[in-house]
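Atoms considered below: every heavy atom in the structure, side chains included; atoms not considered: hydrogens, waters and symmetry mates.
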Amino acid sequence: MRSFLWKRLPSGLVVLVAASFAVFLMLRLIPGDPATTLAGPDASPAAVAAIRARLGLDEPLAAQYLHWLGQVLTGDLGPSYAIGGQVSDLIGDGIAATAQLTLAALLLVVLLAVPVALLGVSARRRPWAGALRALTTGALAVPPFVTGVLLVGVFAVSLRLLPAGGYASLGSAPDLAVQYLALPALCLALPSAAILARYLQDGLERALAEDYVRTATALGVSRRRILWRHALPNALPPAVTVLGLQVGQLVAGAVVVERIFAWPGLGQLVEQGVQRRDYPVVQDLLLLVVAGYVAVQLLTDLAYSWLDPRVRAL
């Protein structure tokens, strides 16, 4: 496992370096002067020049890039001139909220996808197999902003079972946090759960069509035992890869979901930074998202190699 990880680390570092360069250039290709935007419409030329110097925008691009990388590596991200406060503090608060939402949604993805896939395989010749297929299709077809409005209308407005929005930390108030988490986590999890369920069901059906399943059936092994002891372990490694890819979708979808449910995570912070042209916040956040995605992919590869030892030899 350790040697397999060392084989994957160089490619992850290459992706991070390339992503940092792309983020740096992308923000500077946006039309307009961020120093003028941050200073305000009534600022004097001297004030604009001071902000430009503080941001390092008066230096060559190579010097700006190296200076920013040095700040990232040392953890000294500097202040936010538009939003206010230290960038590290803003990102730290946003990470806590977004991680709470994303992990809850990821748990729901697994809890929803695995039973749906197993039911779909077990009931593939029964009338309600079509209902499961329609359910996953609907979860994929309906965008999160529509699902979020429907969930709020049903569970918060009509039934009054859950709050329509807000945030509470799991560490300080777990009972209240679960109530606030339920609707946004479900809204965020539904599309990814549908994708994972479809993929896992297809993998189970392929596994059940193998020769060893026919042999086991002829020997009198029950279908349930074949499904759980043989088909499911063979279908899991590809499904784990799909689950790792869906983590990126969950982080991206959190931007919309946080807006709907007034969740104070990284999505709202990115939106504020882009609207106010706050370079320090936006470029650090984008690089952080890429780094998180690379870390998830490394963990996914490790899980895949653990489930399928043949991968370690590649």
Side-chain angles (χ1 to χ4, degrees), residues 1-29 64-77 87-88 90-107 109-110 188-189 191-193 195-196 199 236-258 265-271 273-274 279-309 311-314:
M1 292 285 288
R2 184 176 300 176
S3 61
F4 181 80
L5 176 61
W6 282 111
K7 291 178 183 178
R8 292 294 187 269
L9 275 178
S11 61
L13 293 176
V14 170
V15 170
L16 279 177
V17 173
S20 67
F21 192 65
V23 167
F24 176 81
L25 285 182
M26 180 180 63
L27 291 177
R28 279 150 183 82
L29 290 175
Q64 293 182 40
Y65 177 71
L66 293 176
H67 178 69
W68 172 51
L69 282 186
Q71 286 183 319
V72 171
L73 293 176
T74 58
D76 182 16
L77 303 180
V87 175
S88 57
L90 294 173
I91 292 178
D93 294 339
I95 284 178
T98 298
Q100 184 172 303
L101 175 59
T102 305
L103 291 176
L106 187 63
L107 178 61
V109 167
V110 177
L188 185 59
S192 295
I195 292 174
L196 182 62
Y199 203 93
L236 273 181
V240 167
T241 301
V242 174
L243 182 61
L245 294 174
Q246 290 307 305
V247 173
Q249 297 296 325
L250 293 176
V251 175
V255 176
V256 177
V257 173
E258 288 176 1
L266 294 179
Q268 290 190 8
L269 189 58
V270 168
E271 181 185 5
V274 171
Y279 270 1
V281 172
V282 176
Q283 62 187 10
D284 293 337
L285 273 176
L286 292 179
L287 185 59
L288 174 66
V289 170
V290 175
Y293 190 75
V294 170
V296 169
Q297 295 310 304
L298 287 175
L299 292 176
T300 301
D301 289 342
L302 287 176
Y304 197 117
S305 67
W306 179 71
L307 292 170
D308 189 354
V311 178
R312 302 175 203 167
L314 299 178

**Message:** According to side-chain hydrogen bond (donor to acceptor under 3.5 Å, both in side chains), who are the partners of Gln64, at least two apart in sequence or on a separate chain?
**Reply:** Arg28
**Request:** Please identify each residue that fulfils side-chain hydrogen bond (donor to acceptor under 3.5 Å, both in side chains) with Ser192, with sequence neighbours left out.
**Result:**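 Once residues adjacent in sequence are excluded, the partners of Ser192 under the side-chain hydrogen bond (donor to acceptor under 3.5 Å, both in side chains) criterion are Gln246.
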Exercise answer: donor-acceptor pairs, residues 18-26 side-chain atoms, under 3.5 Å, sequence neighbours excluded:
from	atom 1	to	atom 2	distance (Å)
Ser20	OG	Leu16	O	3.4
Ser20	OG	Val17	O	2.6
Ser20	OG	Tyr65	OH	2.8

**Minimum heavy-atom distance Ala189-Ala105, with the two atoms named** = CB-O, 3.4 Å
**Fill in**
In short, Ala97 meets Gly265 closest at the heavy-atom pair CB-CA, 3.9 Å
Would you compute the distance between atom [atom1] of [X] and atom [atom2] of [Y] and round it to the nearest 0.5 angstrom?
| X | Y | atom1 | atom2 | answer |
| --- | --- | --- | --- | --- |
| Thr102 | Leu107 | OG1 | CG | 12.5 Å |
| Thr98 | Leu269 | OG1 | CG | 8.5 Å |
| Ile91 | Leu288 | CD1 | CG | 6.0 Å |
| Leu90 | Ile95 | CG | CD1 | 11.0 Å |

Using the side-chain contact (heavy atoms from CB on, under 4.5 Å) criterion, which residues pair with [X]? Sequence neighbours excluded.
| X | result |
| --- | --- |
| Val110 | Val114, Leu243 |
| Ala96 | none |
| Val257 | Leu101, Pro144, Pro184, Cys187, Leu188, Phe261 |

